[in-house]
Structures are given as structure tokens and as C-alpha cells.
Amino acid sequence: DMSEEERLFQERIDAGVKIEAKDWMPEAYRKTLIRQISQHAHSEIVGQLPEGNWVTRAPTLKRKSILLAKIQDEAGHGLYLYSAAETLGVSRDELLAALHSGKAKYSSIFNYPTLSWADMGAIGWLVDGSAIINQIPLCRCSYGPYSRAMIRVCKEESFHARQGYDIMMSLAKGTPEQKAMAQDALNRWWWPSLMMFGPSDADSVNSAQSTKWRIKLFSNDELRQRMVDQTVPQAEYLGLTIPDPDLKWNAETGHYDFGEIDWAEFHNVLKGNGPCNRERLRTRVKAWEDGEWFREALIAHADKKTKAAA
Ligand code: ACO
């Protein structure tokens with residue numbers, strides 16, 4: 001049974017009205033948004049680590065500046081998203097504490113290692129490509145601060161995807177060794193990228209309610225299909241093979257059919273047992289601890305300024 005307040009709230013959602021920070025909202029709506037936005041923020045922050053691994057080994061100065069700019073964008077996305085979450089009445093310290101204790105989730109994809117330079121290409125192409133497909137609809141989601149943050153994030157993500165595809169093009173057109181590196185990166189990143197979209201619709205516990213609240217405009221499986229349909233021709237253009245023997249164009253549906261995702265692997269990564277989960281968390285905790293003197297100095301400086309002004 002809905003209260004009168006909840007009924008009016010749902011009416012506003014159904015009419016496409018944006019919900020703003022100070023508007024009345026059901027506690028469960030607030031909680032769902034804090035959950036999703038903070039997971040998203042953590043993903044951006046942890047997402048800097050796999051690529052950070054290659055900054056000092058980028059093949060040219062130009063590639064290095066592009067990679068640095070992209071990683072800095074990700075830090076910025078994390079900060080907008082933490083700010084968007086804070087509008088819902090949670091503090092950044094609480095959110096970070098949940099990340100550092102291992103309680104909060106972040107995207108499974110960032111628990112895989114970056115073994116070669118070609119991984120910078122595959123991440124931009126596949127991971128940022130998937131992020132865009134998932135995030136473009138979020139620009140129209142019901143919560144105003146989240147939807148507005150997504151607009152700039154998506155513009156920057158499309159630069160990230162383009163720079164990744166550009167790396168893949170150079171490698172695919174390069175020496176046989178370079179092409180093999182590109183193929184190896186595609187082999188390793190393909191399935192984890194499909195997992196980014198979350199469990200299948202049948203197993204997605206949050207989907208029904210999030211759809212009703214217009215936090216989700218498309219289902220996990222719909223967006224995953226969109227990614228496959230968009231990416232297969234791009235792989236063909238590169239002359240690379242997607243590592244899925246069941247991948248096949250289906251003229252009846254107008255979509256590519258594809259093989260079964262290894263859900264056991266997905267759940268194992270979510271439980272903290274992916275190839276890099278422990279390393280990623282350790283790195284973030286160390287960065288937080290190492291930054292303590294700096295945060296203290298900032299506060300001391302701000303206090304001094306306030307006193308001087310008073
Ligand atoms: N990695 C880690 N956890 C995941 C993943 C994933 N790839 N996919 C789903 N989950 C988690 C969900 O967070 C949820 O956990 P919780 O209930 O404990 O919070 C659980 O698995 C069940 O999944 P769903 O019911 O489908 O959850 P939801 O409705 O939140 O949908 C989705 C998941 C699609 C990821 C959604 O939260 C979303 O669109 N988030 C915003 C985008 C985002 O976070 N992107 C991060 C990667 S992109 C980037 O940062 C570059």
C-alpha cells in the first residue's frame with residue numbers, strides 16, 4: 001500500500017518530472033540512489049588503477065598525455081558522483097569507509113589485470129564503450145543531480161572510447177606481433193565487459209523497482225545486447241575475432257546471438273575473489289592513509305582562514 005506522499009511521488013516520476021535533493025522521496029528511493037551512485041563513484045576511482053599501471057610505459061609522449069588526461073577525467077567523475085550522492089544526505093567519509101572496509105561494491109571489471117599496452121586499447125574500446133551504453137540513459141534518469149552529472153561524464157567517456165579504439169586500430173594495422181597483442185587483449189576483456197551490465201534480467205534483484213522509479217530506463221540484458229550489436233562490426237573492421245564461438249547474426253531478431261556468460265566467475269569477482277580485488281582495495285586504502293597528513297593540513301588551513309576572517 002502506498003501512502004498519499006508516495007502516490008504523488010510516483011505520479012511525478014511517471015510524468016517525467018525530475019526529483020531534486022530537497023524534494024520528499026521514499027526512504028527506499030534515497031537508499032537505492034545512494035547505493036547505485038556510490039558504487040558508480042567507487043568504480044570511477046578504482047577504475048583509475050588498471051590504467052595507472054601503464055602511464056610510465058606508454059609507447060609515445062602523445063599516448064602518455066592522452067592516457068593521463070583520461071585517468072584524470074575518471075578522478076573527476078568519481079568526485080562529481082560523490083557530490084551527487086552527498087545531496088542525498090550521506091557523507092563522503094561514510095562512503096569511502098564502506099569502500100575501504102570492503103563492504104561497498106564497485107564494478108567487477110576493475111578487478112582484472114592490465115597485462116599489456118593493448119589492454120589500454122581494449123579498456124577504452126570495450127569498457128568505456130560499455131560504460132557509455134549504460135550511462136547515456138542515466139542522463140534521463142529521475143534524480144536531477146545524478147542525471148545532470150551524467151551529461152558531462154558521458155561526453156568524456158566518448159573521448160575515452162575513441163582513444164581506446166584508436167589504440168586498437170594502430171595495433172591491428174601494425175606488425176603481426178602487435179595485432180596478436182590486440183587480439184589477446186580482446187580475448188581477455190570481452191567477457192568481463194559483458195559482465196559489467198550486471199546479472200541477467202531474471203537475476204537482477206533491483207531492476208523492477210529501479211525501473212518503476214525511472215532510475216533504470218533499459219534492462220541489464222537490453223543494454224548488454226546493445227553493446228554486442230554495436231561492437232561486433234567494430235571488431236570486424238579491426239580484423240579481430242570476438243572470443244565467442246556461439247556469436248552469430250540472427251536475421252529474425254535483427255541482433256547478434258551470443259554465448260552464455262560465466263556467471264560463476266561474475267559472482268566470484270563480486271565476492272572479492274577476482275584476480276585483482278585484494279590488490280585494488282589495498283592500493284586505495286594505502287592512498288587514503290598516505291593522504292591523511294594532507295587532509296589534516298587542508299583542514300588546518302581552512303580553520304586558520306575562517307579565524308582570520310572572523
Ligand atoms: N560489478 C559489481 N557489482 C555489480 C555489477 C558489476 N558489473 N553488476 C551488478 N552488480 C551488483 C549490483 O550493484 C547489485 O548489488 P547490490 O544490490 O548489493 O547493490 C547486484 O549486483 C544485483 O544487480 P542488479 O539488481 O542488476 O543491480 P542494479 O539494478 O543496481 O544494476 C547496474 C546494476 C546496471 C551496474 C546499475 O547499478 C548501474 O547502472 N549503475 C551505474 C553505472 C555504473 O556503476 N557503472 C560502473 C562501471 S562504468 C565506469 O565506471 C567506467
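Sequence positions, counted from 1, serve as the residue numbers for this chain. As the structure lists them, so they are numbered: ligands from 1, and atoms in each ligand from 1.
The neighbour count for Arg162 CZ, taken as heavy atoms of other residues, nucleotides or ligands under 6.0 Å away, does not exceed 12.
Listed by first then second residue, pairs satisfying side chain to side chain donor-acceptor pair (under 3.5 Å) with a partner in residues 296-305 number zero, not counting sequence neighbours.
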Between ligand 1 and the protein, which N/O pairs fall short of 3.5 Å?
| unit_1 | atom_1 | unit_2 | atom_2 | d |
| --- | --- | --- | --- | --- |
| ligand 1 | 1 (N) | Ser108 | N | 2.8 |
| ligand 1 | 1 (N) | Ser108 | OG | 3.3 |
| ligand 1 | 7 (N) | Ser108 | OG | 3.0 |
| ligand 1 | 7 (N) | Met195 | O | 3.3 |
| ligand 1 | 7 (N) | Met196 | O | 3.3 |
| ligand 1 | 13 (O) | Gln39 | OE1 | 2.7 |
| ligand 1 | 13 (O) | Gln39 | NE2 | 3.4 |
| ligand 1 | 15 (O) | Lys105 | NZ | 3.3 |
| ligand 1 | 17 (O) | Asn206 | ND2 | 3.1 |
| ligand 1 | 18 (O) | Lys105 | NZ | 2.5 |
| ligand 1 | 19 (O) | Arg35 | NH1 | 2.9 |
| ligand 1 | 19 (O) | Gln39 | NE2 | 2.7 |
| ligand 1 | 25 (O) | Ser204 | OG | 3.1 |
| ligand 1 | 25 (O) | Val205 | N | 3.1 |
| ligand 1 | 25 (O) | Asn206 | N | 2.9 |
| ligand 1 | 25 (O) | Asn206 | ND2 | 3.0 |
| ligand 1 | 26 (O) | Ser204 | OG | 2.6 |
| ligand 1 | 26 (O) | Asn220 | ND2 | 2.9 |
| ligand 1 | 27 (O) | Asn206 | ND2 | 3.2 |
| ligand 1 | 29 (O) | Lys216 | NZ | 2.6 |
| ligand 1 | 30 (O) | Arg35 | NH1 | 3.1 |
| ligand 1 | 30 (O) | Arg35 | NH2 | 3.2 |
| ligand 1 | 31 (O) | Lys216 | NZ | 3.0 |
| ligand 1 | 39 (O) | Asn134 | ND2 | 3.0 |
| ligand 1 | 40 (N) | Gln36 | NE2 | 3.4 |

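If you chain together ILVMFWY residues whose side-chain heavy atoms come under 4.5 Å of each other, Ile66 ends up grouped with Phe159.
Between His267 and Trp263, the angle of the ring planes lies from 30° to 60°, which puts this pair in the tilted group.
Residues passing the side chain to side chain contact (heavy atoms under 4.5 Å, CB included) test with Gln230, sequence neighbours excluded: Ile133, Gln234.
Arg224 and Ser130 are not linked by any side-chain donor-acceptor pair at a separation below 3.5 angstrom, with hydrogens and angles left out of the test.
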